[in-house]
**Q** 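Quick one: the structure is below, questions incoming.
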Amino acid sequence: MIGLLSHTLVGQTVQAPATGCQVTPGKVTGLCQAFNSLHIPVEYRTILPLLVLSIGALVLLVISAVLPKRSRPGLYPLLTVIISGLAAGASVFQWIDVGNHAATKAIGNQIFYDRFSVLFMLLISVATLFGALLSDSYLQREGLDGVEAYVLMLLASTGAMLMAASAGTIMLFLGLEIMSIALYVMTAYHRRRAASGEGGLKYFILGSFSSAIFLYGAALAYGATGTTQFDEMSVFLARTTLPNDGILLGGMALLIVGLGFKVAAVPFHFWSPDVYEAAPTPFTGYMAAVAKAAGFAGLFRVLLEGFHSQEANWRPAIWLIAVLTLLVGSVLAIAQRDLKRMMAYSSISQAGYVLIGLQSASSQGTAGALFYLLTYTFIIAGTFAVIGLVQGEGEARNDLGAIRGLGRRRPGLALVMLLFLLAQAGVPFTSGFLAKFYVIAAAVNRGQYALAIIGMLAAAIAAFFYLRVGLLMYSSPEVDETKEPTDGAALAGLRPIPGFDTPREPALSQGPGAVAASSDGDGAVALLAPPEGRVEIPFTVGITLAVCAAFTIFAGVSSPVLDFAKHATTYF
Amino acid sequence: MIAALLATPQPMSVHLAHASAWAVFAVGAVLILSGALGVVLLRNPVHCALMLVITLFGIALEFIDQSADFLAAVQIIVYAGAVVILFLFVIMFLGVDRRERFMREPFRGQKPLAVILGLITLAEILVLSRVGNWSTGQHGVAGDLNGPGENIQKLGQSIYTRYLLPFEMTSALLVIAVVATVVLARQQSRAPSELTKDEQAGVAAAAADKAEAKR
Amino acid sequence: MTVPGAWYLVLAAILFGIGATGLLVRRNVLIMFMCVELMLNAVSLTFVTFARMLNDIGGQASVFFILVVAAAEVVVGLGIIVAIFRRRPEATADDLHMLKG
Amino acid sequence: MNAAYIVLALPLAGALLLVFGGKRLGDPLAGWLATILSFGSFAAVLVTWLTLLGDNAAGNGRLIEKNIFTWLPVAGLHVNFALRIDPLSMTMALFVTGVGSLIHLYSIGYMRGDRDYPRFFFLLNLFLASMIVLVMANSYLFSFVGWEGVGFCSYGLVGFWFDRESAAVAAKKAFVTNRVGDFGFMVALFLMFNHFGSFNYSTVLGTASSGLLGGHATLNGTFATGLGLMIFLGAAGKSAQIPLYMWLPDAMEGPTPVSALIHAATMVTAGVYLVARSAPILHFSHSSQWVIACIGAATMFFAATIACAQNDIKRVLAYSTLSQLGYMFMAEGAGDYTSGLYHMINHAFFKALLFLGAGSVIHALHDEQDMKKMGALRKYLPITFPTFIIGYLALSGIPPFDGFWSKDDILASAYHMNFFLWLAGAVTAGLTAYYMSRQVALVWFGKARWSEARGDSAHAAVGNDPAAEGSTVAPGGTGTEEAAHAPHEGAHGEHSGRPHESPPVMTLPLIILAVLSTIGWLINANFGGFNHLEKFLEPVFPTAIAPAIHVATNTKWVLGIITTALAFIGLFAGLRTWRKVEVPALEPAFLAHGWYIDEALAATVSGPIESGADAMAYELDARGVDGAVNGVASLITGTGRQLRRVQTGYVRNYALGLAGGLAVILAYVAARVGGA
């Protein structure tokens with residue numbers, strides 16, 4: 001990063017005596033023939049948000065080294081918020097800048113500077129901002145505060161931005177690794193929760209497996225086209241008839257698998273519930289938004305740019321994956337009793353809708369998918385904010401019972417949560433409805449009626465568990481301990497939640513929460529009774545919730561956000 | 001290095017080069033496959049790590065055979081020199097240098113299915129390539145590989161121009177690695193409630209001592 | 001120089017298959033991880049071979065990045081493994097199945 | 001015309017106030033607030049309606065749209081949410097808010113002392129707002145918003161006492177069944193959007209009508225059938241028609257005012273409204289009209305037979321509701337939308353009356369719902385009794401009460417369509433009179449069985465004495481066994497166990513509804529120029545869409561007389577059978593004379609009906625349809641549980657899954673090599 005800054009200076013001074021050979025954007029057949037120049041133009045404005053985040057991460061590290069340990073609680077999150085705010089501002093600047101100039105390739109043609117990538121830069125900046133806001137109180141509660149979480153988060157966002165802007169498989173791979181490796185560590189961040197470590201390791205093993213698959217796909221695509229750059233690929237494929245397109249298609253399939261893993265599409269989703277449950281709650285929210293968005297950005301880049309001409313070949317594959325993702329996600333979510341796990345399956349199901357948008361392979365589908373991802377960022381941040389509040393110290397209570405009676409304990413919180421749930425269920429006047437509507441309409445416009453109907457069917461199934469959680473919040477929190485402690489409480493606790501089998505053992509955590517939970521009493525009653533005590537809403541979380549809720553409604557009833565997404569469908 | 005010399009075609013010894021290229025390939029292939037099978041089949045993790053080294057050497061050999069001199073060197077230095085050493089260190093550190101315990105598979109079909117899937121995947125890739133027909137792309141997009149100049153120079157040229165941004169961004173990766181190590185290796189701090197009774201007593205006693213000393 | 005590229009590529013594919021199979025059959029986490037390295041090396045070999053066949057430096061440059069990423073991945077991966085298995089070195093990947101369902 | 005906004009604003013404001021300040025307002029105040037706002041809404045509808053009447057310009061077809069806001073003015077999807085004020089929506093809004101307000105009022109008394117008093121009124125107000133959106137929306141999409149809203153409120157209110165297991169199960173069943181219907185609605189929405197490019201009633205129906213009037217159809221018959229059937233699937237879900245009806249009887253787990261408001265008078269008529277609204281589309285598809293008529297007729301007959309064998313006072317009424325909704329759909333299938341709506345309004349009056357009366361009884365007997373444990377209540381509930389009887393006569397189709405008139409119209413239209421539809425309707429009319437008489441006999445007449453039910457042996461002995469017959473019974477003053485979660489504990493604590501009349505706040509709505517049930521038929525009587533409703537609705541159902549149905553006057557008279565005769569027979573049979581069978585000591589002289597008749601009735605009518613209905617209820621119903629609904633739910637949950645097993649927790653299994661997916665997708669591309 002710092003090297004990048006110094007590079008231009010060095011490059012200019014060490015310029016070779018041979019005839020200059022400028023790199024011009026749009027030139028398909030690469031650079032120069034021989035050792036001419038080590039100078040390439042570095043257009044910093046094209047990677048501005050990314051620079052802000054990565055340099056910010058370094059600044060944080062330096063500050064933490066200079067300041068005495070734990071000198072100021074809240075300093076790092078504050079700085080992170082400022083940094084990601086700046087990054088968001090930078091993306092807004094970029095949006096205007098791209099509007100004024102044409103979209104280009106930049107920095108050795110490695111990234112695309114178009115509205116598609118700028119939209120993701122903004123999305124990722126905002127998700128990072130929320131991540132920092134939510135992490136602060138959580139990490140303090142869990143005694144995990146320190147600079148590392150924020151540095152990792154900023155760097156993961158850097159990687160995600162690189163993925164979204166990448167103009168070739170190598171850049172994509174590097175962004176993917178930067179993001180993933182940081183996320184592995186973030187998953188395993190909660191040192192006292194055994195689940196956290198387990199989830200981190202599982203994520204890591206499966207993630208590196210899928211990275212290897214992705215990379216093999218990149219290699220095969222390279223062999224088939226002679227390049228790793230998407231635009232060069234598509235130009236080549238458009239004008240050439242391959243004698244054997246097997247390697248090309250094989251590479252495409254492997255790339256789909258590798259990226260499908262990142263977006264948790266079925267059948268590459270197995271990691272996701274475990275990791276969502278394992279990761280510290282604010283990180284889960286961050287991950288659900290950023291990793292998914294970046295993975296989809298990669299998929300769009302690869303399939304709609306690189307393999308544009310192979311549409312007829314990949315659309316059926318994506319069709320099948322989308323159907324599986326929609327159905328498996330919603331059906332499995334119903335059987336869950338852990339809030340975070342349920343949200344994991346829910347998020348799998350939501351990915352299915354984005355896949356519908358991708359499958360449409362039209363600008364309407366892309367707009368729908370982008371809008372979906374953008375609004376989902378806010379919804380999921382808000383949802384996990386609430387989960388983080390109700391779960392209590394040590395993540396003791398992630399089961400559905402923890403949210404019972406929230407409507408009485410914190411009416412405002414419950415109302416906001418209800419809004420997020422309704423938005424995920426796709427109820428009109430929330431952003432979720434428009435998002436679903438748009439992707440399904442895109443599918444219908446491409447004549448994909450079956451896919452559209454399956455999408456609606458999945459929504460109908462999914463509404464069941466969203467509404468179930470919603471009503472659970474408004475069911476009675478008081479479990480009458482004096483009167484019929486077994487029957488009454490068991491009924492009250494269990495019956496409103498149809499489809500439950502025996503409650504899961506609570507001892508997921510080794511922390512104090514587990515002790516508290518098991519000492520509470522015995523069996524199902526103690527487990528499902530809502531936690532005692534008042535749910536405190538820290539200021540930062542409150543702000544996040546307010547913003548997310550406002551956005552969810554705003555994007556649901558008015559058009560600017562959708563227009564925004566529509567403008568972002570123009571690729572380079 | 002002999003292989004490297006031999007691999008460079010000299011007008012004088014075309015036939016020799018031909019034969020030697022095949023020989024190098026064959027040796028490399030044998031090393032690679034035997035090493036890989038060793039990693040998968042041997043019980044002792046230490047042996048596995050050593051077999052991994054053999055594979056890595058084989059790969060380096062094939063790199064040299066295909067005029068990727070610099071990469072071959074890096075392969076040896078980074079992989080054999082650092083990565084495998086790290087593996088060995090961790091194996092020793094954790095004390096897992098013994099045979100894998102016998103345990104019932106949680107899922108009975110795991111091993112046969114794994115082998116079948118591996119074979120199927122391999123077969124599919126070979127079918128896709130029709131075994132002999134792999135490369136269909138255009139030539140020299142990112143710059144020529146052959147032609148005048150050293151391999152390392154051309155590689156450097158490429159990395160510092162066309163691949164400048166990825167190259168710079170690897171630094172982010174390294175920062176993450178550093179921070180991750182700090183996070184993961186840090187002594188686990190426990191909340192007061194998690195301490196055992198003895199430890200709590202110890203903490204209390206220490207506090208009392210401190211108070212005493214102050215007075 | 002006359003060994004056809006296909007030979008190398010088939011060799012790489014076999015290596016990739018062995019690596020993938022190894023990851024699926026071994027239960028020692030460290031060895032599973034070594035199998036990932038095997039797969040990555042197969043990819044490197046594929047890239048280098050394609051680079052030679054296409055007379056293109058890009059493939060070699062890609063391998064360079066694979067090496068860097070692999071190194072970083074190893075550091076982090078081993079870090080996670082150490083953090084988890086420090087307390088119970090006997091454990092294998094199969095011992096981690098608390099999260100499920 | 002700005003009153004139109006107030007119609008919607010008031011209940012919405014009420015819901016908002018109650019969700020935030022409901023707890024602070026406390027027990028009676030929250031209810032009063034909701035009720036006042038609800039009445040305000042009714043008043044606003046009245047004003048709007050009068051303005052619409054005054055707006056006599058013939059050109060605009062009596063249609064006014066009041067924009068609320070425009071949603072997403074972007075290309076491709078331009079939806080403005082507006083209130084559509086036309087005769088149909090006004091008709092609906094008038095009775096929805098009117099009946100709704102009365103039930104609000106009633107609930108103030110009924111729900112006294114419930115733990116969740118404010119939540120109840122919050123849901124009621126929200127329900128009212130949603131219902132107003134549903135009927136007054138200007139587009140299918142906006143209606144769908146209200147549609148989902150009422151569904152949500154219904155779900156919340158059925159499961160209001162969620163700590164009763166049956167309530168939670170019933171709520172679940174209602175939800176699942178309704179989702180099936182909603183799915184139909186959603187598919188219809190997309191079909192519509194794809195074909196017309198809009199959801200607007202004006203655009204969609206206008207296009208449909210214009211094609212019709214222009215001579216050549218703009219709507220392909222197959223498409224219209226598909227669309228019509230999808231709309232009807234949605235309607236069937238909400239209005240509980242076969243095969244999606246099973247949730248409604250179970251929904252009686254909710255508090256009685258909810259049953260009256262949502263599951264009898266208003267929400268279940270949403271489907272009737274939707275089908276009526278879509279009349280121009282349905283006109284293109286005779287097959288879908290036939291489907292609607294036949295399903296309506298089947299539900300009508302089927303539900304009536306089941307009602308004959310129910311012992312729960314509310315379940316009888318619930319099945320009766322199903323049956324009456326069947327009448328309405330049959331009318332709509334026959335193309336006689338006006339009669340369907342006419343019957344819907346009348347039904348709202350008398351069924352709400354009956355439910356509220358039943359609630360009053362239940363209230364009086366401390367949550368006893370088993371009719372076999374009632375009897376002889378007429379002396380204790382001096383206001384409820386006569387009003388209930390009026391509702392009973394109206395439902396049974398006895399002239400001059402309003403049920404008779406609308407049923408008569410429907411049957412005439414059914415006859416015009418097909419003789420067997422009429423036959424089914426006529427037989428059902430007889431059955432209706434029969435089961436209602438049975439209910440009346442069991443609840444109001446006969447012996448006071450509620451004292452025995454208390455298990456109080458002393459009073460049971462008194463009760464067994466034929467001479468005592470209710471009047472002298474002093475029911476058990478002690479040991480009233482409330483259910484563990486009895487909702488009215490607080491309110492009842494001070495009362496003795498003796499049945500008592502409900503407070504005025506509850507009886508007043510009964511009286512008003514009774515009056516309406518008596519004179520309600522005047523809105524569309526078939527003679528003397530009294531057909532106000534028909535004339536009022538003329539712009540919505542022009543003859544091009546709903547051709548006038550001509551049945552010769554003589555035929556009409558014959559049909560009417562036959563039906564009425566059947567109703568009287570049913571009435572007579574029911575009363576005789578059930579008064580006799582249960583209370584042998586009553587009127588011994590009469591017994592001596594009528595013994596054969598009773599026996600014969602019991603053997604020929606009651607017996608077979610009873611056993612047949614039993615069979616229907618328990619075999620086909622519980623196992624078949626009920627099973628299917630639960631089956632879908634448990635299939636999904638079961639699949640979910642099975643799939644969970646795949647998520648074993650072993651990372652290597654996950655990797656195996658990943659590799660499996662890889663192999664499959666590689667196989668797929670291998671199959672496509674060279675293809676594209």
Side-chain angles (χ1 to χ4, degrees), chain A residues 1-4 7 11 23 29-35 37-38 40 42 47 54 57-58 61 107-111 143 148 151-152 155 158-159 162 170-171 174-175 177-178 181-182 185 188-189 191-192 222-227 232 236 240 242-250 511-512 515, chain B residues 121 124-144 147-150 152-195:
Chain A
M1 289 156 277
I2 300 297
L4 195 60
H7 173 78
V23 180
T29 46
L31 293 176
C32 326
Q33 291 305 308
F35 326 98
S37 164
L38 281 179
I40 62 158
V42 177
I47 52 168
S54 48
L58 296 183
L61 274 180
I107 318 187
N109 297 353
Q110 282 302 308
I111 62 161
E148 293 89 358
V151 173
L152 286 174
L155 290 176
T158 312
L162 277 178
I170 293 304
M171 193 70 251
L174 212 73
E177 283 297 319
I178 293 173
I181 291 179
V185 184
Y189 198 82
R191 292 186 294 273
R192 292 192 308 280
Y222 170 66
T225 61
T227 176
E232 292 168 1
F236 172 74
T240 323
L242 296 180
N244 169 26
D245 61 354
I247 285 301
L248 180 75
L249 293 183
V515 182
Chain B
T121 308
E124 280 165 345
I125 292 173
L126 295 182
V127 165
L128 285 170
S129 70
R130 297 177 195 160
V131 184
N133 197 359
W134 288 76
S135 167
T136 54
Q138 53 193 338
H139 287 232
V141 174
D144 281 353
E150 293 294 316
I152 187 168
Q153 211 168 357
K154 282 181 280 192
L155 193 57
Q157 167 84 20
S158 180
I159 286 174
Y160 272 95
T161 53
R162 185 176 164 104
Y163 294 102
L164 174 67
L165 187 63
F167 176 69
E168 296 291 354
M169 277 303 153
T170 52
S171 57
L173 212 52
L174 300 180
V175 174
I176 290 174
V178 171
V179 175
T181 322
V182 172
V183 168
L184 294 167
R186 181 192 285 160
Q187 190 61 39
Q188 307 207 344
S189 60
R190 281 175 294 176
S193 57
E194 282 178 295
L195 299 175

**Q** Go through the atoms of Leu162(A) and report whether side chain, backbone, both or neither lie under 4.5 Å from a heavy atom of chain B.
**A**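 Just the side chain, heavy atoms under 4.5 Å.
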**Q** For the interface with chain B, which of Ala188(A), Gly250(A), Gly159(A), Ala224(A) has the highest count of heavy-atom pairs at distances below 4.5 Å?
**A** Ala224(A)
**Q** Hey, which of Leu174(A), Thr227(A), Asn244(A), Ile247(A) has the most heavy atom pairs under 4.5 Å with chain B?
**A**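 So the answer, after comparing Leu174(A), Thr227(A), Asn244(A), Ile247(A), is Asn244(A).
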**Q** Whether Glu148(A) and Arg191(A) form a salt bridge (side-chain N of Lys/Arg under 4.0 Å from carboxylate O of Asp/Glu) is what I want to check.
**A** no
**Q** Which bit of Val182(B) is near chain A, if near means a heavy-atom gap under 4.5 Å: side chain, backbone, both or neither?
**A**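 Side chain of Val182(B) only, per the 4.5 Å heavy-atom cut-off to chain A.
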**Q** Specify the closest pair of heavy atoms between Ser158(B) and Ala142(B), including all atoms of both residues, with the distance to one decimal.
**A**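 Taking every non-hydrogen atom into account, OG-O, 4.4 Å.
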**Q** Short question: side chain of Gln110(A), backbone of Pro166(B) - any donor-acceptor pair under 3.5 Å?
**A** no
**Q** What part of Leu242(A) gets within 4.5 angstrom of chain B, counting heavy atoms only: side chain, backbone, both, or neither?
**A** side chain
**Q** Say whether, by atom type as modelled, one donor and one acceptor occur between the side chain of Thr161(B) and the main chain of Gln157(B) under 3.5 angstrom.
**A** yes
**Q** What closest approach, in Å, do Thr225(A) and Phe236(A) show between heavy atoms, and which atom pair accounts for it?
**A**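 That would be CA-CE2, 3.7 Å.
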